[in-house]
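Right, one structure below, let's go through it.
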Number of protein chains: 4
Amino acid sequence: MNLTRGKDQRTKILDAAMNIFGKNGYYETKIVDIAEQAGVSKGTIYIYFSSKEELYIEAHEREFRQYLAHLHHEVGKFTTFKEKLLCIAEKQLVVFYKDRQTPNKYLQAYNNDPKMIKCLHDFLDHYHKYVVTLMRSEGISNPEEHAKAFIGMLESYKRDIFFNPNFDYAMLLQTVLFVVELFLNGCQKD
Amino acid sequence: MNLTRGKDQRTKILDAAMNIFGKNGYYETKIVDIAEQAGVSKGTIYIYFSSKEELYIEAHEREFRQYLAHLHHEVGKFTTFKEKLLCIAEKQLVVFYKDRQTPNKYLQAYNNDPKMIKCLHDFLDHYHKYVVTLMRSEGISNPEEHAKAFIGMLESYKRDIFFNPNFDYAMLLQTVLFVVELFLNGCQKD
Amino acid sequence: MNLTRGKDQRTKILDAAMNIFGKNGYYETKIVDIAEQAGVSKGTIYIYFSSKEELYIEAHEREFRQYLAHLHHEVGKFTTFKEKLLCIAEKQLVVFYKDRQTPNKYLQAYNNDPKMIKCLHDFLDHYHKYVVTLMRSEGISNPEEHAKAFIGMLESYKRDIFFNPNFDYAMLLQTVLFVVELFLNGCQKD
Amino acid sequence: MNLTRGKDQRTKILDAAMNIFGKNGYYETKIVDIAEQAGVSKGTIYIYFSSKEELYIEAHEREFRQYLAHLHHEVGKFTTFKEKLLCIAEKQLVVFYKDRQTPNKYLQAYNNDPKMIKCLHDFLDHYHKYVVTLMRSEGISNPEEHAKAFIGMLESYKRDIFFNPNFDYAMLLQTVLFVVELFLNGCQKD
DNA sequence: CATGAATGAGACTTCATTCAT
DNA sequence: TATGAATGAAGTCTCATTCAT
């Protein structure tokens, strides 16, 4: 029971942390805001996490872990290379799309703190490696470079998703198609 | 004489600000650090800039302005589409490469402050429009989307440049070639 | 228990604030001085009051409220007009007399801040209205003007009380008698 | 010529100082505001006055001196006691009336600084002594106390003058008459 | 004499973290 | 475990005063 309760508390705090950090960024987030959102007191947060920084890292690690697991699961449903690329692209853009009300989440600093930097890098490494593996298994040359390029293109649409008020899910799907097409065949002249 | 001195001071402060903000990020930068680096006192900074935020914005606006002017000038030296793409790609990666000792500069938050966000957006808008114009003049379909994708691919290499200790200028040029090739012709199988 | 503690702290801070503001005036008072006198830390003051200005106003409002309640209570003990005037006069001069070691308290600026000005005005309005009511119930003509004059005369003795080292309680009572006599019958020739 | 210029500068600065100090109070006045109003630079002020405090004192001493001289001159035009009282009362209220757009001038702190306190006390001493002399020469008993009371009554109308927007010169004259009448004959019942 | 750029001490206020209950 | 009052380090910004020109 205690364990369960403890787990609930941790989860509630991590949820609230992800929410508030995403909305306001690391520096503009106050521990007390997270506590309020989580429905606990400031002191309670320090029972489960040793510092604001650690809370930030744990919240993000959980998020990243969940995303990779989800991605792996979804991509597994497809068989052709193009389908898999479309799936990866769609999943990445959907992440942005879901959070389009709180764009700062993806524009925030991953500040100087080595642990916070490591946290982001580890995720990106996993993500890239996942895409690299896919590329390699398809016989793509230079799989590392191709993976970077593919992911970079997708990243580049987040501004649109966040700041173009007309961007809807239909446009998202068009973008997915466009990026995969460009990746596979290069730019198209009229 | 006074004017000159005043201009010197402003420039010294902007240089120091860009340097320290780049190294430490907005929140971890103390005004007194910038003052020290610029060789002036705290108070002097407030003669030329009304707040830390304004200093941040002005320093970045100057940087962005200079980059766009430089890019325009350099790209103007070339005539073919591919050459121009190579030039844009090289310039963008060289920016990262020059600052590879202070990678945070390009990983920093552009935080919640509306003015600071606007500052970055304005730059990105100008940069994108520049590339869009180039695409359009070459008869590329969907010039907006192609521009985003092209710029996104380049962005994606900054992690390599910053964190791969073996990354040198030769690799940079290879990357430039790779990206442009991918953009023009799509991915290549072995 | 918490509530009690909280109330204690608030009271301790308000007491210290009144004391130090009275001794040094608004501008020459540092929050840390009040904190020290109250036996709490700087930060604690900001738990109970949102700013130095608010603390100043709340401390004075409490003081004013208490004075008016006290005055009302004391005057109620008397029945004749002259007795009531004597009571009002004595109470006002006693306030000065009690604080004669910290004269600045009554010579301080009520500075430009609109809220701080309002705080003083509200008190003076209440005080005047109280005296006006008394005048009117006695059938005095022009009760407003008479009230102002009466209060003004009393005010004018504070310099004596504060700066004449020989001023004692006997002199205070003589002054009270003199003022009321003058108010009722006008000046006296030898 | 230099001397004359020097005198001009001093005068200009004292005028500006009185103006700005009156409007904003000692602490909310910046030397640079006075400099601007006087049409000189900050540095120039320090040629003629050694500190902000000294400037404050000198500006007020000049003002007080001028007022007493003026008062003496005006009262000298009258012969009866009542006329002289009316003259004193009118002059005092007119001072407030003229500055009714900048009421803070007469609500400002005379802060803790001993020199600034002395400056005000010296003026009040002179003023009181002047009225005392008049009282004594008329055979009024207790001339000190009567003088204080008389001056106090007048002071008490400044709130009206400053904060009652309907207060005009006619009301001022009525007040003068009322105060002198009250002083001479005591309060009046209907 | 006059200027105004530069200085730097010092104040207010915030907020992560602690700890007694 | 949970709380939230208390702490105090630290940062931004102001402004009287100085001094080189």
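Predicted model only: the values in this text are computed from it and were never measured. Convention: sequence-line order gives letters A, B, ...; per-chain numbering from 1.
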query = For DNA chain F, what string of dots and brackets results from 5' to 3' when Watson-Crick and G-U pairs need both distances under 3.5 Å, crossing pairs get [ ], and pairs with another strand get |?
reply = .||||||||||||||||||||
query = Where is the tightest heavy-atom contact between A:Glu58 and A:Phe49, given as atom of each residue plus distance?
reply = OE1-CE2, 3.7 Å
message = On a heavy-atom basis, which atom in A:Tyr26 and which in A:Lys52 lie closest, and how many Å separate them?
response =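 Where A:Tyr26 meets A:Lys52 most closely, the heavy atoms are O-NZ, 2.9 Å.
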request  = Report the residue (C:Ser51 or A:Val32) whose heavy-atom-nearest nucleotide on DNA chain E is the more 5′ of the two.
outcome  =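 The residue mapped nearer the 5' terminus is C:Ser51.
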Please state how far atom [atom1] in [X] lies from atom [atom2] in [N], giving the value in whole angstrom units.
X       : N      : atom1 : atom2 : answer
C:Tyr26 : E:dC12 : OH    : C1'   : 10 Å
B:Tyr27 : F:dT12 : OH    : P     : 12 Å
B:Asp8  : E:dA6  : CG    : C1'   : 14 Å
D:Glu54 : F:dT17 : CD    : C1'   : 14 Å
A:Ile47 : E:dT18 : CD1   : C1'   : 12 Å
C:Glu36 : F:dG8  : CD    : P     : 12 Å
C:Phe21 : E:dC12 : CZ    : C1'   : 12 Å
C:Lys30 : E:dA9  : NZ    : P     : 15 Å

Exercise answer: donor-acceptor pairs, residues 35-43 of chain D side-chain atoms, under 3.5 Å, sequence neighbours excluded:
unit_1: D:Gln37; atom_1: OE1; unit_2: D:Asn19; atom_2: ND2; d: 2.9
unit_1: D:Ser41; atom_1: OG; unit_2: D:Gly43; atom_2: N; d: 3.4
unit_1: D:Ser41; atom_1: OG; unit_2: D:Thr44; atom_2: OG1; d: 3.2

For [X], which residues count as a salt bridge (charged side-chain N to carboxylate O under 4.0 Å, His left out) partner, sequence neighbours excluded?
X        : result
C:Lys118 : C:Asp122
A:Asp99  : A:Lys105
D:Arg62  : D:Asp15

ask   = Where along residues 38-46 of chain D does a heavy atom come under 4.0 Å from DNA chain E, residue by residue in number order?
value = D:Val40, D:Ser41, D:Lys42, D:Gly43, D:Thr44
inquiry  = Below 30° counts as parallel, above 60° as perpendicular, anything between as tilted: where do the rings of B:Phe21 and B:Tyr56 land?
reply    =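 Judged by the thresholds at 30° and 60°, the geometry between B:Phe21 and B:Tyr56 is perpendicular.
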C:Phe163 and D:His121 aromatic ring geometry - parallel, tilted or perpendicular at 30°/60° bounds =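 D:His121 vs C:Phe163 ring planes: perpendicular.
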request  = Please tell me which of D:Glu53 and B:Ser50 maps to the more 5' nucleotide of DNA chain F, matching each residue to the nucleotide holding its nearest heavy atom.
outcome  =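 First, find each residue's nearest nucleotide; the 5'-ward one identifies B:Ser50.
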ask   = Would you say the side chains of D:Tyr27 and C:Glu28 form a donor-acceptor pair under 3.5 Å?
value = yes
inquiry  = Counting the atoms with a prime plus P, OP1 and OP2 as sugar-phosphate, which does D:Thr29 contact under 4.0 Å by heavy atoms, base, sugar-phosphate, or nothing?
reply    = sugar-phosphate
task = May I ask you to say what B:Ile31 touches in the nucleic acid, namely base, sugar-phosphate or nothing, with a heavy-atom cut-off under 4.0 Å?
result = sugar-phosphate
Contact under 4.0 Å: C:Gln9 side-chain N or O vs F:dA6 OP1/OP2 = yes
